[in-house]
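Written out below as structure tokens is the structure these notes cover.
Order of the sequence lines sets the chain letters (A, B, ...), proteins ahead of strands, with each chain counted from 1. Just so you know, these numbers come straight off a predicted model, no measurement behind them.
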Protein chains: 2
Amino acid sequence: MTGLAASIERRNGVSLWRQIADRILQAIANGDFAENAALPPEMALAERYGVNRHTVRSAIAALVQEGVLKAEQGRGTFVLSRKRLSYPIGARTRFSTGLQGQTSERHIALLSSSKEPAGRRIAEALGIARGAAVIRLETRGEADGHPVSRATTWFDAKRFAGIEAAMAETGSITASLKRFGINDYLRHSTVLSARHADADDLAALDLQPGAIVLVTIAVNVTLDGQPIQFAESRFPAERVELRLSAGD
Amino acid sequence: MTGLAASIERRNGVSLWRQIADRILQAIANGDFAENAALPPEMALAERYGVNRHTVRSAIAALVQEGVLKAEQGRGTFVLSRKRLSYPIGARTRFSTGLQGQTSERHIALLSSSKEPAGRRIAEALGIARGAAVIRLETRGEADGHPVSRATTWFDAKRFAGIEAAMAETGSITASLKRFGINDYLRHSTVLSARHADADDLAALDLQPGAIVLVTIAVNVTLDGQPIQFAESRFPAERVELRLSAGD
DNA sequence: TAAATTTGTCTATTGATATAGACAACTATA
DNA sequence: TATAGTTGTCTATATCAATAGACAAATTTA
């Protein structure tokens with residue numbers, strides 16, 4: 001399928017070993033290797049990608065460091081298989097319901113919260129005056145102890161005063177909103193993009209530098225269309241894919 | 001907002017100038033700079049990112065090459081503003097209707113076509129036997145003369161014999177499907193991921209090496225749920241964002 | 001046991017990346 | 001017309017990235 005033949009680019013600002021590490025990760029996520037399967041020998045990979053064996057070794061070293069591969073002298077290099085999580089997004093997406101069946105344990109950790117004046121984008125999305133106070137929550141989604149998302153969420157401070165405490169206590173946006181009389185809500189719009197992870201993402205998501213994150217910018221609304229929440233979420237592209245299902 | 005403070009990472013396989021170029025691109029796409037606005041002076045950027053001025057110059061040089069910035073000796077460096085296209089995806093997404101109002105001219109160019117046996121993934125998606133013949137189309141979406149997407153599409157060769165000719169003639173998937181008696185179809189499922197662009201993407205999308213592409217893998221079905229089309233599309237993350245609207 | 005295969009380590013060399021400093025060329029402004 | 005601010009060019013140096021070759025160490029297979 002895709003990504004087998006295509007060659008490697010030089011002099012682009014992305015080192016060859018990083019590009020090759022990306023390829024291998026992609027192949028694993030694609031299911032090209034079975035659980036605990038052996039990677040082709042270093043010489044074979046070097047030939048396939050048209051680079052020196054040492055360059056392949058650098059790529060493998062990075063993935064070993066990352067816990068994706070395990071190298072054994074004399075035997076080979078093996079895939080410790082981390083399949084990609086498939087994360088559904090749609091009108092009724094909730095974090096905890098989204099990953100059902102794929103992981104056994106999941107929750108949202110509140111990293112920090114603060115109060116700040118609303119910028120242009122946030123004010124427009126929440127339908128409040130620019131400069132009005134908003135509460136900002138920094139959270140991390142975890143599944144089976146592994147970080148799978150990193151989000152920044154804004155609420156109208158007037159309407160949702162104290163939501164950071166509710167969030168810290170319940171570990172759930174849905175449960176926290178219930179305390180403010182909101183029993184159901186919908187995702188109104190989602191904008192999707194991708195970029196290199198920044199320093200904050202790297203630390204929070206336990207990523208290796210150079211990793212790519214999928215970014216969603218979403219507005220949640222009540223059933224009658226009133227905006228309640230504005231959020232930017234980052235997902236590590238190497239561990240998560242986003243899934244849109246018809247009818248969601 | 002996001003992306004202003006976060007610092008630059010070293011020894012990660014992605015060169016500093018590439019990381020800084022990414023940041024600047026992101027800031028422009030974010031709307032942090034007005035049309036034709038001047039970028040901060042090189043010295044200021046160097047200080048902000050904690051690097052040497054020459055490193056900033058490398059980043060700027062790459063973006064000038066790319067046509068995003070224009071540097072004028074003695075005056076400053078200016079944003080040639082290319083706003084990001086917002087590309088809607090949903091149950092009723094069509095290429096030509098999707099970008100209405102954002103661009104004046106758009107069409108799909110057929111790059112090549114071939115016949116091949118269906119692999120596991122494609123056979124499952126199309127509901128045909130593994131190894132059955134499928135037609136594969138390589139296409140490029142263009143808006144105002146700029147490439148905005150690169151797709152690989154598979155059809156059941158038995159049912160859609162000759163669709164490559166229809167596609168070449170009409171330049172439209174929708175119009176081509178009409179010739180086979182399909183007047184309407186829906187997007188059944190979409191899976192979203194992101195990765196570094198490979199050599200083929202770089203050439204077809206006119207990207208600088210190191211660029212990131214958003215990848216969608218979609219299945220289109222007839223109104224009664226019969227799968228007709230399997231497609232993998234790549235969008236340059238620096239020029240395109242994907243938008244999910246409620247009710248689509 | 002011997003041979004083949006595969007990963008691990010070492011040395012050496014080349015080119016790209018990044019830093020540093022100095023100064024030229026050009027523009028806008030006081 | 002000075003002066004300050006900005007981009008452009010040059011030299012020099014240190015480190016990282018990539019290539020190249022040789023051989024050691026461990027495992028599997030004949």
Just wondering, do B:Asn36 and B:Phe78 contact through their side chains at under 4.5 Å, heavy atoms?
-> no
Could you tell me the separation between the [atom1] atom of [X] and the [atom2] atom of [N], rounded to a whole number of Å?
X       : N      : atom1 : atom2 : answer
B:Gln19 : C:dT17 : CD    : P     : 13 Å
A:Leu69 : C:dT7  : CG    : C1'   : 13 Å
B:Ile20 : C:dA18 : CD1   : C1'   : 10 Å
A:Phe78 : D:dA26 : CZ    : C1'   : 12 Å
A:Lys70 : D:dT27 : NZ    : P     : 12 Å
A:Ile60 : C:dT7  : CD1   : C1'   : 9 Å

Quick one: do B:Glu232 and B:Arg234 satisfy salt bridge (charged side-chain N to carboxylate O under 4.0 Å, His left out)? Show the steps, please.
-> CA-CA 7 Å; B:Glu232 179 191 288; B:Arg234 282 87 75 194; 3.5 Å; yes
Under 4.0 Å: is that the gap between some side-chain N or O of [X] and OP1 or OP2 of [N]?
X       : N      : result
B:Ser58 : C:dT17 : no
A:Arg75 : C:dT7  : no
A:Arg57 : C:dG8  : yes

With sequence neighbours excluded, what pairs up with [X] under the salt bridge (Lys or Arg N to Asp or Glu O under 4.0 Å) test?
X        : value
B:Arg53  : B:Glu42
A:Glu124 : none
B:Lys115 : none
B:Glu116 : B:Arg136

State which residues pass side chain to side chain contact (heavy atoms under 4.5 Å, CB included) with [X]; sequence neighbours excluded, sorted by chain then number.
X       : value
B:Ser15 : B:Trp17, B:Arg18
B:Ala61 : none
B:Ala37 : B:Phe33, B:Ala34

What nucleic acid atoms does B:Thr77 come within less than 4.0 Å of, heavy atoms only: base, sugar-phosphate, or nothing?
-> sugar-phosphate
Among residues 37-45 of chain B, which contact DNA chain C at a heavy-atom distance under 4.0 Å?
-> none
Listed pairs, N/O of protein and of nucleotides 21-25 of chain C, under 3.5 Å:
{"residue": "C:dG21", "atom": "O6", "partner": "B:His54", "partner atom": "NE2", "Å": "2.5"}
{"residue": "C:dA25", "atom": "O4'", "partner": "B:Gln73", "partner atom": "OE1", "Å": "3.4"}
{"residue": "C:dA25", "atom": "N3", "partner": "B:Gln73", "partner atom": "OE1", "Å": "2.9"}

What nucleotide, of D:dT27, D:dA17, C:dA18, holds the atom closest to the side chain of A:Trp17?
-> D:dA17
